[in-house]
There are 2 protein chains.
Amino acid sequence: MHICMDWKSITFDWNRARAFLVTAEEGSLAAAARSMGMTQPTLGRQVAALESEIGFDLFTRRGRGLELTPNGIKLLEHVRLMGDAANQFSLSASGKSDVIEGDVSITASELLSTFMLPPMIKALRELEPGIEIEIYSTNEQRDLNRREADIAIRSVRPTQPELIAKRLCSVRGHLYAAKSYLQQLGYPPSIAELNKANFIDTEKPGRLMTLLNSQGFSLTRQNFPVISNSHIVQWELVKQGMAITATVEEIGDNEPLVERVVISNLPLITIDLWIVTHNELRTNPRIRRVFDFMVSEFAGD
Amino acid sequence: MHICMDWKSITFDWNRARAFLVTAEEGSLAAAARSMGMTQPTLGRQVAALESEIGFDLFTRRGRGLELTPNGIKLLEHVRLMGDAANQFSLSASGKSDVIEGDVSITASELLSTFMLPPMIKALRELEPGIEIEIYSTNEQRDLNRREADIAIRSVRPTQPELIAKRLCSVRGHLYAAKSYLQQLGYPPSIAELNKANFIDTEKPGRLMTLLNSQGFSLTRQNFPVISNSHIVQWELVKQGMAITATVEEIGDNEPLVERVVISNLPLITIDLWIVTHNELRTNPRIRRVFDFMVSEFAGD
DNA sequence: TCCAATCCATACAAATATGCATACCTGAAG
DNA sequence: CTTCAGGTATGCATATTTGTATGGATTGGA
């Protein structure tokens with residue numbers, strides 16, 4: 001501790017540094033403004049004020065967006081560190097609040113978000129009306145460290161040590177097809193008939209092809225005439241008898257238009273579901289409440 | 001890089017975190033306000049707003065000052081990291097400015113500040129009227145990492161790798177006393193007579209006593225009846241014939257009221273002077289200008 | 001016990017920052 | 001060449017923040 005501590009270097013406007021950080025990361029003032037819930041002129045003036053304060057430009061103004069100057073690139077490293085610390089501050093702070101009201105955001109795959117979460121959230125809201133839930137439905141893995149969500153439900157156990165994960169349950173997956181499509185193929189279809197069928201995955205040489213071929217199929221890219229990044233779209237296509245796909249029992253068995261394509265006594269695949277949250281959120285009562293509730297709901301399956 | 005980056009945890013008001021940091025470090029809103037050049041109500045409201053935002057108290061209000069809550073202590077770690085990053089940002093930023101106008105702050109010991117810097121600064125200002133100089137006269141070592149000064153002149157080489165140091169010159173130190181006092185002791189005084197004289201240092205069992213005893217003196221605490229933390233005060237006492245002290249030739253030889261107390265042909269002590277600045281400031285043109293000027297001035301001695 | 005010093009909270013005026021509407025610029029596509 | 005989409009800069013009314021002045025509270029010492 002200093003006798004007379006001097007704060008010359010940190011008495012600049014930290015919000016201007018924040019504006020610089022987000023603008024640099026987002027690539028334009030307008031995009032930064034959108035993602036922060038502010039307006040473009042505000043951010044523009046904050047960045048301009050910072051540039052004026054430090055005496056040189058951080059961006060070169062171009063018709064389309066901004067471009068970092070070499071100096072801006074150097075300084076960006078430092079505001080990134082500020083941002084990381086701010087992030088940790090925010091995470092830690094919300095873990096120490098003892099109110100059980102407020103937002104909790106959950107991210108899960110499209111299928112989980114669409115078919116499994118809604119009834120659970122409904123039950124939770126009846127128990128805890130003070131907790132508001134935000135569902136990020138996405139097949140991308142969101143970054144809990146950046147607090148893009150408070151809770152994630154994933155099919156892989158995260159490796160980062162700052163995240164805590166709990167295994168929810170195992171779900172069994174099978175091949176499903178519309179009844180109409182099965183009758184078209186031959187009922188029940190033989191492996192030879194299935195090898196001529198259409199399948200759906202997110203990519204052409206996808207994981208489903210590899211999996212099925214390891215189970216005795218001999219599929220090629222020709223068997224995947226339609227792909228979609230959205231599992232919901234995939235499922236709609238399956239329901240309409242356009243193709244076959246793999247999905248979990250909880251979804252496939254509850255859809256009267258489709259039925260299992262049985263190729264063996266065993267499930268095609270078994271997936272472990274994990275619920276994940278940030279270490280710092282462990283002590284946040286409302287996130288804890290949602291976390292524990294989700295664990296108990298899935299355990300009931 | 002994320003597809004859709006989310007800034008939920010970063011969009012809080014960073015200036016409130018800054019207010020929290022400085023208030024916690026300084027111990028009170030009033031002290032924090034003083035050291036930041038703001039007012040106490042402003043900081044009080046910023047801290048209160050932050051507490052309201054995160055939902056719990058950071059400080060317990062007490063009659064005299066504030067006291068961190070346990071939660072506040074935890075969160076302080078994170079805002080400290082923000083502050084460190086802000087500090088680095090600021091240092092790096094001023095290193096990249098290419099204007100040669102503005103403030104440069106120099107810290108040096110009281111004696112150097114008083115007797116050696118003024119003529120040098122005068123010469124510098126004539127060459128570079130755009131550069132304004134701020135002299136921190138203190139015997140404490142200021143923290144260049146926190147930018148309590150841009151340039152320091154010290155008698156020890158700093159060890160931190162992020163600082164750059166250059167040896168200015170060696171200065172020779174001798175014992176000096178007022179002529180009147182020497183006549184009182186006996187002229188020239190013998191070692192036995194000097195052993196009964198009064199000396200001045202900053203502490204009672206100080207370094208000067210150790211040094212002189214290693215050179216044949218036999219002094220005790222009784223020989224240091226007056227101490228002062230200020231070398232200026234010490235020097236005034238010496239000039240008025242109250243005691244003997246050690247100082248450098250440049251000061252002692254230029255003062256007609258005093259003369260050297262010669263105890264050997266060699267100087268009593270030889271001190272290396274170093275000029276130090278922060279790595280990041282190496283490329284700041286105006287600080288560079290002052291740095292180089294000081295080097296050349298001292299080399300002329 | 002009283003006083004002085006120090007600090008925090010609040011009312012109100014002034015200064016500052018923000019948002020909205022809009023003009024302007026640039027690059028890509030028809 | 002024109003249009004259009006996406007972005008940046010600016011004027012102006014409004015909101016918010018800040019500083020000043022002041023009152024209230026607590027501590028430490030005469």
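In what follows, chains carry the letters A, B, and so on, assigned in the order in which the sequence lines appear, proteins first and then strands, with residues in each chain numbered from 1.
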Exercise for review: Might you work through the salt bridge (Lys or Arg N to Asp or Glu O under 4.0 Å) test for A:Glu236 and A:Lys239, ending with a clear yes or no?
Suggested key: CA-CA 5 Å; A:Glu236 284 302 319; A:Lys239 284 199 294 183; 3.1 Å; yes
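Nucleotide C:dC7 holds its P atom 13 Å from the CG atom of B:Leu43, rounded to whole Å. As rounded to whole Å, 14 Å separates atom C1' of D:dT10 from atom CG of A:Leu29. Remark: C1' of C:dG19 and CZ of A:Arg34 are 16 Å apart, rounded to the nearest angstrom. As a whole-Å value, the separation of B:Glu26 CD from C:dT6 C1' is 15 Å. Across the protein-nucleic acid pair, B:Phe59 atom CZ and C:dA9 atom P stand 11 Å apart, rounded to whole Å. Protein atom CG of B:Leu66 is 17 Å distant from nucleotide atom P of C:dT6, rounded to whole Å.
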Could you go through residues 39-49 of chain A and list every donor-acceptor pair under 3.5 Å that involves a side-chain atom there, pairing it with any protein atom two or more places apart or in another chain?
| unit_1 | atom_1 | unit_2 | atom_2 | d |
| --- | --- | --- | --- | --- |
| A:Thr39 | OG1 | A:Thr42 | OG1 | 3.0 |

All N/O donor-acceptor pairs, side-chain side in residues 65-75 of chain A, below 3.5 Å, sequence neighbours left out:
| unit_1 | atom_1 | unit_2 | atom_2 | d |
| --- | --- | --- | --- | --- |
| A:Thr69 | OG1 | A:Asp57 | O | 3.0 |
| A:Thr69 | OG1 | A:Leu58 | O | 3.1 |
| A:Thr69 | OG1 | A:Gly72 | N | 3.0 |

Could you list the donor-acceptor pairs under 3.5 angstrom formed between side-chain atoms of residues 12-22 of chain B and any protein atom two or more places apart in sequence or on another chain?
| unit_1 | atom_1 | unit_2 | atom_2 | d |
| --- | --- | --- | --- | --- |
| B:Asp13 | OD1 | A:Asn15 | ND2 | 2.8 |
| B:Asp13 | OD1 | B:Asn15 | N | 2.8 |
| B:Trp14 | NE1 | B:Ile10 | O | 3.0 |
| B:Asn15 | OD1 | A:Trp14 | N | 2.8 |
| B:Asn15 | ND2 | A:Asp13 | OD1 | 2.8 |
| B:Arg16 | NH1 | B:Glu53 | OE1 | 3.1 |
| B:Arg18 | NH1 | A:Thr11 | O | 3.2 |
| B:Arg18 | NH1 | A:Phe12 | O | 2.7 |

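Scored by the salt bridge (charged side-chain N to carboxylate O under 4.0 Å, His left out) test, A:Glu128 finds A:Arg289 as partners (sequence neighbours excluded).
Near DNA chain C, meaning a heavy atom under 4.0 Å away, the residues from residues 11-18 of chain A are A:Arg16.
Looking only at distances, a side-chain donor or acceptor of A:Glu51 sits under 3.5 Å from a matching main-chain atom of A:Phe59.
The nucleotide whose nearest atom lies closest to any side-chain atom of B:Thr42 is, among C:dA9, C:dC20, D:dG19, D:dG19.
Here the side chains of A:Asn139 and A:His231 are in contact, with some heavy-atom distance below 4.5 Å.
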Every protein N/O lying under 3.5 Å from an N/O of nucleotides 10-13 of chain C:
none

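Around the CZ atom of A:Arg125, the shell of radius 6.0 Å holds more than 12 heavy atoms that belong to other residues, nucleotides or ligands.
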